[in-house]
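Down below is the structure, laid out as structure tokens.
Side chains are part of it too, since the values below use all heavy atoms of this structure and drop only hydrogens, waters and symmetry mates. Positions are given from 1, in the same order as the sequence printed here.
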Amino acid sequence: MKLGYTIIYVPDVSASLDFFHRAFGISRRFLHESGTYGELDTGQTTLAFAAHELGELNFPGGHIEAHSSIKPLGFEIALVTEDVELAHRNALSAGAVEMATPVAKPWGQVVSYLRCPDGTMVELCTPMVPG
């Protein structure tokens, strides 16, 4: 078993793809002609976005729309970078909301937290240093 996809349900797939490109420099890999599903070029594991309409089809009992939730949902995606401070500033300039400023953690990483316009929580962090 291996992790193949992380799919985040959002109000506007194209807008989320564009935001991740502006904020984090991650290129769009694919956007379906319907506009309801798209992927970013994130390496081995795919980060994808799907429209809430697809969520309604997939989850008959409904789902929580992260962008409408006052508090962030209980999950995050982590993006690894050598320069958390710069990446954090770029994301704020692109429209992210700061949840926690960059801070050095006791285990050696620098970490910050942001909330994207679509409600996605993003951790920016330096690579883990083997200890």
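- Residue pairs satisfying the side-chain hydrogen bond (donor to acceptor under 3.5 Å, both in side chains) criterion with at least one member in residues 57-66, sequence neighbours excluded, are listed as follows: Tyr9-Asn58, His52-His63.
- In this structure, the side chain to side chain contact (heavy atoms under 4.5 Å, CB included) partners of Thr36, at least two apart in sequence or on a different chain, are Ser34, Ala51, Glu53, Leu54.
- By the 4.5 Å heavy-atom criterion applied to side chains, Ser69 and Arg115 are counted as neighbours.
- Tested against Leu114, the residues Leu79, Thr120, Val97, Leu124 include a single side chain to side chain contact (heavy atoms under 4.5 Å, CB included) partner, Leu124.
- For the pair Thr42 and Phe20, the minimum side-chain heavy-atom distance is 4.5 Å or more.
- Closest heavy-atom contact between Val13 and Gly35: CB-O, 3.3 Å.
- Val84 approaches Thr126 most closely through the heavy-atom pair CG2-N, 3.5 Å.
- In this structure, the side chains of Glu123 and Val111 come closer than 4.5 Å at one or more pairs of heavy atoms.
- Judged as a side-chain hydrogen bond (donor to acceptor under 3.5 Å, both in side chains), the pairs with a partner in residues 91-105 (not counting sequence neighbours) are, in order, His88-Glu98.
- Residues Arg29 and Thr46 form a side-chain contact, since some pair of their non-hydrogen atoms from C-beta on lies under 4.5 Å apart.
- For Leu86, the CG atom is densely surrounded, since the number of other residues' heavy atoms within 6.0 Å is greater than 12.
- Nearest heavy atoms, Phe24 versus Ala91: CE2-CB, 3.6 Å.
- In terms of heavy atoms, Glu82 sits closest to Pro127 at OE2-CG, 3.4 Å.
- With contacts defined as side-chain heavy-atom distances shorter than 4.5 Å, the pair Arg28/Asp18 qualifies.
- Counting non-hydrogen atoms of other residues, nucleotides and ligands closer than 6.0 Å to CZ of Phe75 gives a total above 12.
- Taking 4.5 Å as the limit, some side-chain heavy atom of Ile8 sits within range of a side-chain heavy atom of Ile77.
- For the pair Ala87 and Thr81, the tightest heavy-atom approach, listed with the atom from each and the gap, is CB-CG2, 4.1 Å.
- In terms of heavy atoms, Cys125 sits closest to Ala78 at SG-CB, 4.4 Å.
- Taking CD1 from Ile26 and CD from Glu39, the interatomic distance works out to 13.0 Å, rounded to the nearest 0.5 Å.
- Annotation: side chain of Phe49 is in contact with side chain of Leu40 (closest heavy-atom distance under 4.5 Å).
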